[in-house]
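Letters go in sequence order (proteins before strands), and every chain restarts at 1. The structure displayed is predicted, hence computed values, not measured ones.
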2 protein chains.
Amino acid sequence: MELHISQMAEKLPRYEQIRHLLQQELAKQSWPVGGTLPSEQILAETYGVSIGTIRKAVDLLVRDGLLEKVQGKGTFVKYPDFTSSLTRFFRHRNKAGQAIIPTGRVEKLAAVDGNGEINAFLGRAEHEPLIYIERTRRLDGSVIVSEKIWLPREPFAALLELKPAQFDDLLYPLYIKQCGQLILSAREQLTFLPRYTDDYLPIGDGGAAVKIRRLAYGINGEILEYRESYGKAVDFCYETVIA
Amino acid sequence: MELHISQMAEKLPRYEQIRHLLQQELAKQSWPVGGTLPSEQILAETYGVSIGTIRKAVDLLVRDGLLEKVQGKGTFVKYPDFTSSLTRFFRHRNKAGQAIIPTGRVEKLAAVDGNGEINAFLGRAEHEPLIYIERTRRLDGSVIVSEKIWLPREPFAALLELKPAQFDDLLYPLYIKQCGQLILSAREQLTFLPRYTDDYLPIGDGGAAVKIRRLAYGINGEILEYRESYGKAVDFCYETVIA
DNA sequence: CAGTGGTCTAGACCACAGC
DNA sequence: CTGTGGTCTAGACCACTGG
């Protein structure tokens, strides 16, 4: 069953085309999460290319963390483990350096009009409609982080149908479940605010805070989220790896 | 001219062995920095393997940022551009978000006895001898960052022969030039200190500071440096990418 | 044992740089 | 035009998994 991908008439190399096709299959959940893909042999026949080309395409997806190869067993669907993404993206720790796993609560959820500044962050036209979320993260009931989140309305409109209580502690699994949008990487910028006041964060009257701006990127490098997180400076501990 | 690498009797795949050999050549500066390597064809003959294996080895070094391939021209020696590593590792920016390029000055340089705590950070035995450096970074003459640096004595002993004035604004180029040690990645941990006093940093009487602990890793993942950097919290702006 | 991914080869053809 | 790296193939053999 040869598919002759070349009909796409793209200038992209075949392994890129196949990567794209495999991505679509993954988005459609054609193979069970945690289960295996067809063998490289089968995939090669299916797409009408040689095994080497399949391997190259699959390796790209392994790099992106979507697949996992195990010698002798197969290639597994490894939808991003959001447990580790919690550590990946939410890097506050307590003073002893241990990871903190706070609960999340959506305080406000609204469709808002395009905002030039935010759309600039998102790399979109000035008046693109947006979704705005205010969210708190709590530990032992008290707010330790206050967040403002902006999403492009388009792929995320489904979120507006949800009640705040339907949001989970983690947003990124929700993005993929409700909107099919997968966050793969992010860029963060940290600054210090000597005097900060917040609706949710109990920081006294203008105490010191840390502000984290995050841009989160999808599978093709497009910006999917702009987020500002605020926390008390004294509680702050952030860890990162520079490769 | 076949070299028959198999004499290494390693269980490593050949492309890993070749990667290692190429790394050694790079450390010896066998090819001019900024110049090209022999073509893949030549390398394949030299090492007695097929082109595909050479390509796999070279691709690893490209990933590590040591080489750069340009179609139609060749494979170039791209010793890590420390200009960008300055941005990579020294991520303070001014309030407008522009990169700051400060000067570096070594204030103290000494051989010190093994310290259990520091050696633990470096992943070494408790009483391994160390090198201790105090260093400032200045902008327009005033200190903006104060640093304490610990290095294992062993690969870095050559630094002790230098006068503080012989140190450049950047240490990592010195590490490779004087000691043949290449820093490839790092892990940083940031915390906030509400009251901090420093010998060099003009921060008033216990003003707010940001402390950055860094572990820097060599080409094989070994820890080569432990560093603590201190700066005024108000001047702080840190940017990072999470992949 | 059969089936999987991992390594390696030899060779073809393409795209690009530079003379 | 030649020489470079980029893509792709078909097939061999190895290493590992699991029945």
Side-chain angles (χ1 to χ4, degrees), chain A residues 1-22 26 31-32 34-78, chain B residues 1-22 26 31-32 34-78:
Chain A
M1 174 173 93
E2 309 201 356
L3 290 191
H4 291 302
I5 325 170
S6 45
Q7 14 177 302
M8 294 184 68
E10 296 268 352
K11 314 176 81 173
L12 290 174
R14 292 208 222 190
Y15 64 84
E16 281 289 1
Q17 299 179 31
I18 291 179
R19 177 183 87 112
H20 195 248
L21 292 175
L22 291 177
L26 287 172
W31 304 296
T36 65
L37 266 64
S39 75
E40 297 177 341
Q41 182 62 246
I42 304 289
L43 287 175
E45 293 164 6
T46 305
Y47 291 107
V49 300
S50 88
I51 284 193
T53 304
I54 292 292
R55 289 182 64 82
K56 214 162 177 178
V58 168
D59 284 349
L60 291 176
L61 294 171
V62 169
R63 280 242 222 172
D64 286 348
L66 297 180
L67 298 178
E68 188 172 16
K69 297 213 261 186
V70 181
Q71 181 171 143
K73 298 180 73 172
T75 302
F76 292 80
V77 180
K78 188 204 169 192
Chain B
M1 176 173 92
E2 308 202 356
L3 291 192
H4 290 303
I5 326 172
S6 45
Q7 9 177 306
M8 294 186 65
E10 297 268 355
K11 314 176 79 174
L12 291 174
R14 291 208 225 191
Y15 65 83
E16 281 288 1
Q17 299 179 32
I18 290 179
R19 177 183 88 113
H20 195 247
L21 293 175
L22 292 177
L26 288 172
W31 304 295
T36 65
L37 265 64
S39 75
E40 296 176 341
Q41 182 61 246
I42 304 289
L43 287 175
E45 292 164 7
T46 305
Y47 290 106
V49 298
S50 86
I51 282 193
T53 305
I54 292 292
R55 287 181 64 83
K56 215 162 176 177
V58 169
D59 283 348
L60 291 176
L61 295 171
V62 170
R63 287 202 197 203
D64 286 348
L66 297 180
L67 297 178
E68 188 173 16
K69 299 213 263 186
V70 181
Q71 181 171 141
K73 298 180 74 172
T75 303
F76 292 80
V77 180
K78 188 204 168 189

When you measure from the side-chain N and O atoms of [X] to the phosphate of [N], is any distance below 4.0 Å, counting only OP1 and OP2?
X	N	value
B/Thr36	D/dT4	no
A/Tyr15	D/dC8	no
A/Lys56	D/dT7	yes
B/Ser39	D/dG3	no
A/Arg55	C/dG5	no

Taking [atom1] from [X] and [atom2] from [N], how many angstroms apart are they, rounded to a whole number?
X	N	atom1	atom2	result
A/Glu16	D/dT7	CD	P	9 Å
B/Asp59	D/dT7	CG	C1'	12 Å
B/Glu68	D/dG6	CD	P	11 Å
B/Lys69	C/dA15	NZ	P	18 Å
B/Leu60	C/dT7	CG	P	10 Å
B/Leu43	D/dT4	CG	C1'	12 Å
B/Gln17	C/dC8	CD	P	8 Å

Applying salt bridge (charged side-chain N to carboxylate O under 4.0 Å, His left out), name anything that partners B/Lys56, two or more places apart in sequence or on another chain.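 Salt bridge (charged side-chain N to carboxylate O under 4.0 Å, His left out) check on B/Lys56 returns nothing, list empty.
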Answer yes or no: is there a side-chain heavy-atom contact under 4.5 Å between [X] and [Y]?
X	Y	result
A/Lys78	A/Lys69	no
A/Glu45	A/Glu40	no
B/Thr36	B/Thr75	no

Anything under 3.5 Å between a donor and an acceptor, one on a side chain of residues 61-68 of chain B, the other on a protein residue two or more places apart or in another chain? List them.
from    : atom 1 : to      : atom 2 : distance (Å)
B/Asp64 : OD2    : B/Arg19 : NH1    : 3.3

Counterpart residues, side-chain contact (heavy atoms from CB on, under 4.5 Å), relative to A/Ser50 (two or more places apart):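 A/Ser50 satisfies side-chain contact (heavy atoms from CB on, under 4.5 Å) with A/Thr53 only.
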Which of the following nucleotides, D/dC8, C/dG5, C/dT7, is nearest to the side chain of A/Glu40?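 Out of D/dC8, C/dG5, C/dT7, the nucleotide with an atom closest to A/Glu40's side chain is C/dG5.
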Under 3.5 Å between N/O atoms: give me all the protein pairs with nucleotides 9-12 of chain D, atom names plus distance.
from  : atom 1 : to      : atom 2 : distance (Å)
D/dT9 : OP2    : A/Ser50 : N      : 2.8
D/dT9 : OP2    : A/Ser50 : OG     : 3.0
D/dT9 : OP2    : A/Thr53 : OG1    : 2.4

Drop me the distance from B/Leu43's CG to B/Leu37's CG, to the nearest 0.5 angstrom.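 Atom-to-atom, B/Leu43:CG and B/Leu37:CG are 6.0 Å apart.
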Going 5' to 3' along nucleotides 13-19 of chain D, which nucleotides have protein heavy atoms under 4.0 Å from the base (write B), which only from the sugar-phosphate (write S), and which from neither (write -)? --BBSS-
